[in-house]
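Heads up, the thing below is written out as C-alpha coordinates.
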Amino acid sequence: MDSQQLKPVIEGLLFAAGEDGLRPAEIAEVTGVNTREVRKLLNEMKEDWKTAGRGIQIVEVAQVYQLTTLPEHRTYFEQLAKSPSRSRLSRAALETLAIIAYRQPIIRAELEEIRGVKSEKAIYYLKRKGLIREVGRAEGVGRPILYGTTREFLDYFGLTSLKELPPADSIFEWAEWEREKNELYERLGVDPLAAEESVDDAPIDEDESNI
(Lines give C-alpha, C1' and ligand atoms only; values in the text may rest on other atoms or scores of the structure.)
Protein backbone atom coordinates (compact mmCIF):
# COMPACT_ATOMS: atom_id res chain seq x y z
CA MET A 1 0.00 0.00 0.00
CA ASP A 2 1.53 3.33 -1.04
CA SER A 3 1.46 6.57 0.96
CA GLN A 4 -1.57 7.99 -0.87
CA GLN A 5 -3.56 4.89 0.04
CA LEU A 6 -2.32 4.94 3.64
CA LYS A 7 -3.30 8.53 4.35
CA PRO A 8 -7.09 7.96 4.27
CA VAL A 9 -6.57 4.81 6.35
CA ILE A 10 -4.72 6.83 8.98
CA GLU A 11 -7.41 9.52 8.86
CA GLY A 12 -10.05 6.86 9.49
CA LEU A 13 -8.06 5.39 12.38
CA LEU A 14 -7.69 8.81 14.03
CA PHE A 15 -11.41 9.45 13.60
CA ALA A 16 -12.27 6.08 15.15
CA ALA A 17 -9.89 6.70 18.06
CA GLY A 18 -11.70 9.94 18.91
CA GLU A 19 -10.36 12.17 21.66
CA ASP A 20 -8.03 9.42 22.93
CA GLY A 21 -5.97 9.74 19.76
CA LEU A 22 -3.28 7.32 18.64
CA ARG A 23 0.47 7.06 19.03
CA PRO A 24 2.52 6.55 15.86
CA ALA A 25 3.49 3.11 17.16
CA GLU A 26 -0.18 2.13 17.44
CA ILE A 27 -0.86 3.25 13.87
CA ALA A 28 2.26 1.40 12.71
CA GLU A 29 1.08 -1.80 14.41
CA VAL A 30 -2.31 -1.63 12.67
CA THR A 31 -1.06 -0.65 9.22
CA GLY A 32 2.15 -2.67 9.13
CA VAL A 33 4.20 0.45 8.33
CA ASN A 34 7.21 1.42 10.43
CA THR A 35 6.81 4.21 12.99
CA ARG A 36 9.14 6.61 11.18
CA GLU A 37 7.05 6.34 8.01
CA VAL A 38 3.85 6.90 10.01
CA ARG A 39 5.27 10.11 11.50
CA LYS A 40 6.26 11.26 8.03
CA LEU A 41 2.75 10.61 6.69
CA LEU A 42 1.13 12.38 9.65
CA ASN A 43 3.26 15.47 9.08
CA GLU A 44 2.44 15.41 5.37
CA MET A 45 -1.26 15.12 6.15
CA LYS A 46 -1.07 18.09 8.53
CA GLU A 47 0.44 20.23 5.79
CA ASP A 48 -1.88 18.88 3.08
CA TRP A 49 -4.98 19.71 5.13
CA LYS A 50 -3.70 23.16 6.02
CA THR A 51 -3.03 23.92 2.35
CA ALA A 52 -6.41 22.55 1.30
CA GLY A 53 -8.22 24.65 3.91
CA ARG A 54 -9.80 21.65 5.64
CA GLY A 55 -12.13 22.20 8.59
CA ILE A 56 -10.28 19.72 10.77
CA GLN A 57 -6.65 19.33 11.67
CA ILE A 58 -4.24 16.80 13.13
CA VAL A 59 -2.63 17.86 16.39
CA GLU A 60 0.03 16.18 18.50
CA VAL A 61 -0.21 16.23 22.29
CA ALA A 62 2.35 14.27 24.32
CA GLN A 63 3.22 12.14 21.26
CA VAL A 64 -0.44 11.29 20.72
CA TYR A 65 -2.09 12.37 17.45
CA GLN A 66 -5.77 13.23 17.25
CA LEU A 67 -8.28 15.02 15.03
CA THR A 68 -9.61 18.38 16.19
CA THR A 69 -11.53 21.30 14.75
CA LEU A 70 -9.86 24.63 14.02
CA PRO A 71 -9.74 27.13 16.91
CA GLU A 72 -10.69 29.99 14.57
CA HIS A 73 -14.05 28.27 13.96
CA ARG A 74 -14.92 28.16 17.66
CA THR A 75 -17.63 30.80 17.36
CA TYR A 76 -19.59 28.64 14.95
CA PHE A 77 -19.39 25.60 17.21
CA GLU A 78 -20.61 27.66 20.14
CA GLN A 79 -23.58 28.84 18.08
CA LEU A 80 -24.35 25.25 17.10
CA ALA A 81 -24.25 24.15 20.73
CA LYS A 82 -26.65 26.96 21.69
CA SER A 83 -29.10 26.15 18.89
CA PRO A 84 -32.57 25.32 20.27
CA SER A 85 -32.65 22.12 18.23
CA ARG A 86 -29.46 21.06 20.01
CA SER A 87 -30.53 22.04 23.51
CA ARG A 88 -32.12 18.75 24.55
CA LEU A 89 -30.36 16.03 26.52
CA SER A 90 -31.05 12.41 25.71
CA ARG A 91 -31.40 9.93 28.54
CA ALA A 92 -27.95 8.52 27.74
CA ALA A 93 -26.40 11.98 27.89
CA LEU A 94 -28.21 12.73 31.14
CA GLU A 95 -27.00 9.48 32.71
CA THR A 96 -23.44 10.22 31.61
CA LEU A 97 -23.64 13.76 32.98
CA ALA A 98 -25.05 12.54 36.30
CA ILE A 99 -22.24 10.03 36.79
CA ILE A 100 -19.61 12.66 36.02
CA ALA A 101 -21.27 15.14 38.38
CA TYR A 102 -21.32 12.72 41.32
CA ARG A 103 -18.04 10.90 40.70
CA GLN A 104 -15.81 13.68 39.35
CA PRO A 105 -13.02 13.65 38.52
CA ILE A 106 -13.60 10.45 36.58
CA ILE A 107 -12.02 8.78 33.56
CA ARG A 108 -14.04 7.41 30.65
CA ALA A 109 -13.25 3.77 31.49
CA GLU A 110 -14.74 4.15 34.98
CA LEU A 111 -17.75 5.95 33.56
CA GLU A 112 -18.37 3.20 31.01
CA GLU A 113 -17.97 0.53 33.69
CA ILE A 114 -20.75 2.19 35.71
CA ARG A 115 -23.06 2.67 32.70
CA GLY A 116 -22.21 -0.66 31.14
CA VAL A 117 -22.03 0.84 27.65
CA LYS A 118 -19.66 2.93 25.55
CA SER A 119 -19.98 6.62 26.33
CA GLU A 120 -17.67 8.37 23.86
CA LYS A 121 -20.51 10.00 21.92
CA ALA A 122 -22.23 11.19 25.09
CA ILE A 123 -18.98 12.66 26.42
CA TYR A 124 -18.32 14.43 23.12
CA TYR A 125 -21.86 15.83 23.09
CA LEU A 126 -21.63 17.07 26.70
CA LYS A 127 -18.24 18.67 26.05
CA ARG A 128 -19.65 20.42 22.99
CA LYS A 129 -22.49 21.81 25.09
CA GLY A 130 -19.97 23.04 27.65
CA LEU A 131 -21.46 20.96 30.48
CA ILE A 132 -18.29 18.95 31.14
CA ARG A 133 -14.60 19.57 30.61
CA GLU A 134 -11.22 17.90 30.89
CA VAL A 135 -9.86 18.60 34.37
CA GLY A 136 -6.57 16.74 34.17
CA ARG A 137 -5.09 13.32 33.61
CA ALA A 138 -5.10 10.29 35.89
CA GLU A 139 -1.95 8.50 36.93
CA GLY A 140 -1.25 5.16 35.32
CA VAL A 141 -0.84 3.67 31.87
CA GLY A 142 -1.71 6.14 29.14
CA ARG A 143 -2.64 8.82 31.69
CA PRO A 144 -6.35 8.87 30.72
CA ILE A 145 -8.31 12.11 30.71
CA LEU A 146 -10.24 13.05 33.84
CA TYR A 147 -13.64 14.70 33.37
CA GLY A 148 -15.58 17.09 35.58
CA THR A 149 -18.51 19.47 35.30
CA THR A 150 -18.33 23.16 34.39
CA ARG A 151 -19.83 26.42 35.60
CA GLU A 152 -22.24 26.11 32.66
CA PHE A 153 -23.44 22.82 34.18
CA LEU A 154 -24.45 24.66 37.36
CA ASP A 155 -26.16 27.41 35.34
CA TYR A 156 -27.97 24.84 33.17
CA PHE A 157 -29.55 23.17 36.19
CA GLY A 158 -30.02 26.34 38.25
CA LEU A 159 -27.49 25.35 40.92
CA THR A 160 -25.11 27.59 42.82
CA SER A 161 -22.76 24.74 43.77
CA LEU A 162 -22.41 20.97 43.51
CA LYS A 163 -23.64 20.73 47.11
CA GLU A 164 -27.13 21.44 45.80
CA LEU A 165 -27.23 18.28 43.67
CA PRO A 166 -30.15 15.98 44.60
CA PRO A 167 -29.37 12.66 46.31
CA ALA A 168 -27.49 10.38 43.93
CA ASP A 169 -29.98 7.54 44.35
CA SER A 170 -32.78 9.74 42.99
CA ILE A 171 -31.17 11.02 39.79
CA PHE A 172 -32.13 8.15 37.49
CA GLU A 173 -35.70 8.04 38.83
CA TRP A 174 -35.84 11.75 37.98
CA ALA A 175 -34.59 11.00 34.44
CA GLU A 176 -37.37 8.43 34.03
CA TRP A 177 -39.92 10.96 35.28
CA GLU A 178 -38.70 13.48 32.71
CA ARG A 179 -39.18 10.94 29.91
CA GLU A 180 -42.69 10.05 31.02
CA LYS A 181 -43.62 13.70 31.42
CA ASN A 182 -42.53 14.54 27.87
CA GLU A 183 -44.40 11.55 26.48
CA LEU A 184 -47.51 12.99 28.15
CA TYR A 185 -46.82 16.41 26.60
CA GLU A 186 -46.54 14.74 23.20
CA ARG A 187 -49.87 12.94 23.58
CA LEU A 188 -51.52 16.21 24.62
CA GLY A 189 -49.93 18.08 21.70
CA VAL A 190 -48.17 20.48 24.07
CA ASP A 191 -44.75 21.96 23.39
CA PRO A 192 -42.70 20.94 26.46
CA LEU A 193 -40.42 23.96 26.14
CA ALA A 194 -43.37 26.35 26.08
CA ALA A 195 -44.99 24.51 28.97
CA GLU A 196 -41.86 24.89 31.10
CA GLU A 197 -41.14 28.57 30.40
CA SER A 198 -42.60 29.69 33.71
CA VAL A 199 -40.63 27.16 35.77
CA ASP A 200 -37.53 28.50 37.50
CA ASP A 201 -35.34 25.44 36.88
CA ALA A 202 -34.30 24.93 33.27
CA PRO A 203 -36.22 21.98 31.74
CA ILE A 204 -34.52 18.95 30.31
CA ASP A 205 -36.33 17.41 27.37
CA GLU A 206 -35.67 13.80 26.48
CA ASP A 207 -35.32 12.79 22.85
CA GLU A 208 -34.92 9.30 21.46
CA SER A 209 -31.44 9.72 20.00
CA ASN A 210 -28.63 7.31 20.83
CA ILE A 211 -26.23 9.98 22.05
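Because the structure is a prediction, the values reported are computed rather than measured.
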- request: Report, as yes or no, whether the 6.0 Å neighbourhood of atom CD on Glu29 holds more than 12 heavy atoms from other residues, nucleotides or ligands.
  value: no
- prompt: When rounded to the nearest 0.5 angstrom, what is the spacing between CG in Leu111 and CD in Gln104?
  reply: 12.0 Å
message: Taking Ile145 as the starting point, is it possible to reach Leu131 by hopping between hydrophobic residues whose side chains are less than 4.5 Å apart?
response: yes
statement: When every non-hydrogen atom of Lys7 is compared with those of Gln4, the smallest separation belongs to NZ-NE2, 3.6 Å
message: To check you understand the geometry: which heavy-atom pair defines the closest contact between Thr35 and Pro24, and what is its length?
response: CG2-CB, 3.7 Å
message: What verdict does the salt bridge (charged side-chain N to carboxylate O under 4.0 Å, His left out) test give for Glu95 and Arg115, after you've listed the backbone C-alpha separation in whole Å, the side-chain angles of each residue and the deciding distance to 0.1 Å?
response: CA-CA 8 Å; Glu95 287 179 355; Arg115 289 197 65 219; 3.4 Å; yes
- prompt: Which heavy atom of Ala122 sits nearest a heavy atom of Ala92, and at what distance?
  reply: CB-O, 4.4 Å
- line: Looking only at heavy atoms, the pair that brings Val33 and Val38 closest together is O-CG2, 4.1 Å
statement: For Leu146, the hydrophobic cluster (side chain heavy atoms closer than 4.5 Å, chained through members) also holds Ile107, Val135
field: Partner set under salt bridge (Lys or Arg N to Asp or Glu O under 4.0 Å) for Arg39, not counting sequence neighbours
entry: none
Check: Thr160/Glu164 side-chain N/O donor and acceptor closer than 3.5 Å: yes
query: Roughly how far apart are Thr96 OG1 and Arg108 CZ, rounded to 0.5 Å?
result: 11.0 Å
Min side-chain heavy-atom separation Trp49-Leu67 under 4.5 Å: yes
message: As an exercise, state the distance from OG1 of Thr149 to CG of Leu159, rounded to the nearest 0.5 Å.
response: 9.5 Å
statement: CD1 of Ile58 to CD1 of Ile10, rounded to nearest 0.5 Å, is 8.0 Å
task: List the atom of Glu120, the atom of Glu112, and the distance in Å for their closest heavy-atom pair.
output: N-OE2, 3.9 Å
message: Using the rule that Ile, Leu, Val, Met, Phe, Trp and Tyr join whenever any side-chain heavy atoms are under 4.5 Å apart, tell me whether Ile56 and Leu14 fall into a single cluster.
response: yes
- prompt: With sequence neighbours left out, what residues match Leu13 under side-chain contact (heavy atoms from CB on, under 4.5 Å)?
  reply: Val9, Leu22, Ile27, Val30, Thr31
Same apolar cluster (I L V M F W Y, side chains within < 4.5 Å links), Tyr124/Ile100: no
query: Is Gln66 close to Asp20 at the side-chain level, that is, under 4.5 Å between some pair of heavy atoms?
result: no
Hphob cluster co-occupancy, Leu94 + Leu162, side-chain heavy atoms under 4.5 angstrom: yes
task: Could you grab the distance from atom CG of Leu97 to atom OG of Ser119, nearest 0.5 Å is fine?
output: 12.0 Å
- request: Check whether Tyr102 and Tyr156 end up in the same hydrophobic cluster, where Ile, Leu, Val, Met, Phe, Trp and Tyr are linked by side-chain heavy atoms less than 4.5 Å apart.
  value: yes
field: Partners meeting side chain to side chain donor-acceptor pair (under 3.5 Å) with Lys46 (sequence neighbours left out)
entry: none
task: Flag the pair Lys127 and Glu134 as a salt bridge only when some basic side-chain nitrogen lies within less than 4.0 angstrom of an acidic carboxylate oxygen.
output: yes
message: Show me the pairs that pass side-chain hydrogen bond (donor to acceptor under 3.5 Å, both in side chains) and involve residues 52-64, at least two apart or across chains.
response: Glu11-Arg54, Gln57-Thr68, Glu60-Tyr65
query: Does the Arg23 side chain pair with the main chain of Val64, one donor and one acceptor, at a distance under 3.5 Å?
result: no
- request: Using the side chain to side chain contact (heavy atoms under 4.5 Å, CB included) rule, take Ile132 and Phe153 through it: C-alpha gap first, then chi angles, then the decisive distance, then the call.
  value: CA-CA 7 Å; Ile132 64 172; Phe153 164 80; over 6 Å; no
task: Apply side chain to side chain donor-acceptor pair (under 3.5 Å) to Arg36 and list each qualifying residue two or more places apart in sequence or on a separate chain.
output: none
